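Being a predicted model, the structure only gives us computed values, none of them experimental.
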Amino acid sequence: MTTSDDYPNEHYQKLKNELRRGVLILAVLAELSEEHYGYSLRKNLMAKGLEIDEGTLYPLIRRLEKQQLLTSEWREENNRKKRFYTLSDIGRQTLDALTDEWRNVETTLNTILS
């Protein structure tokens with residue numbers, strides 16, 4: 001099996017990044033089924049094998065909140081103010097629909113790739 005290290009050409013890297021962008025949205029929505037602040041969200045995603053840098057995560061969170069898929073609340077924890085995020089009702093519905101879509105695409109792609 002080839003890995004990204006085995007196939008580092010520029011076209012592959014661009015396509016890999018495009019593929020990853022959509023997956024990140026689904027992963028962030030799924031992880032925000034439970035409340036997190038930015039750092040804990042990033043840490044949980046990384047612990048589950050999904051690398052995401054702060055320069056990608058925070059703009060994504062802000063965009064999802066602007067789209068009303070997330071709600072947020074400032075709270076103090078350990079003498080620091082942190083912004084906690086969770087899914088809104090629309091966010092939960094969207095996550096459910098995107099999860100169904102992901103599973104359909106995955107099934108179709110598995111059929112095509114085998």
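For residues 78-90, the salt bridge (charged side-chain N to carboxylate O under 4.0 Å, His left out) pairs, not counting sequence neighbours, are E65-R83, E77-K82. The stretch residues 32-41 participates, sequence neighbours left out, in these salt bridge (charged side-chain N to carboxylate O under 4.0 Å, His left out) pairs: E35-R75. Pairs passing the salt bridge (charged side-chain N to carboxylate O under 4.0 Å, His left out) check and including a residue from residues 90-109, sequence neighbours excluded, do not occur.
Annotation: the span from E73 atom CD to Y37 atom OH amounts to 15.0 Å, rounded to 0.5 Å. For the atom pair OG1 (T71) and CD1 (I90), the distance works out to 11.0 Å, reported to the nearest 0.5 Å. Distance check: L109 CG to N104 CG gives 11.0 Å after rounding to the nearest 0.5 Å. Atom NZ of K16 and atom OH of Y12 lie 4.5 Å apart (nearest 0.5 Å). Rounding to the nearest 0.5 angstrom, the gap separating the CG atom in L69 from the CG atom in L95 is 10.0 Å.
Classification of K14 and E10 as a salt-bridged pair holds, one side-chain N sitting under 4.0 Å from a carboxylate O.
Not a single donor-acceptor pair under 3.5 Å links the side chain of S40 to the backbone N or O of H36. A donor-acceptor contact shorter than 3.5 Å links the side chain of R42 to the backbone of I52.
When the salt bridge (charged side-chain N to carboxylate O under 4.0 Å, His left out) test is applied to K66, no partner is found at least two apart in sequence or on another chain. Every residue two or more places apart in sequence or in another chain that forms a side chain to side chain donor-acceptor pair (under 3.5 Å) with D53 is listed here: T56.
Under the 4.5 Å side-chain criterion, counting only non-hydrogen atoms from C-beta, L87 is not in contact with T94.
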Output a table of donor-acceptor pairs, distance under 3.5 Å, between side-chain atoms of residues 20-33 and any protein atom two or more places apart or on a different chain; print 'none' if there are none.
from : atom 1 : to  : atom 2 : distance (Å)
R20  : NH1    : E51 : O      : 3.2
R20  : NH2    : E51 : O      : 2.1
E31  : OE1    : K48 : NZ     : 2.9
E31  : OE2    : N44 : ND2    : 3.1
E31  : OE2    : K48 : NZ     : 3.2
S33  : OG     : A30 : O      : 3.0

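Transitive grouping of hydrophobic side chains (ILVMFWY, heavy atoms separated by less than 4.5 Å) keeps L15 and V105 in distinct clusters. Under the 4.5 Å side-chain heavy-atom criterion for grouping Ile, Leu, Val, Met, Phe, Trp and Tyr, Y85 is not connected to M46 through any hydrophobic cluster.
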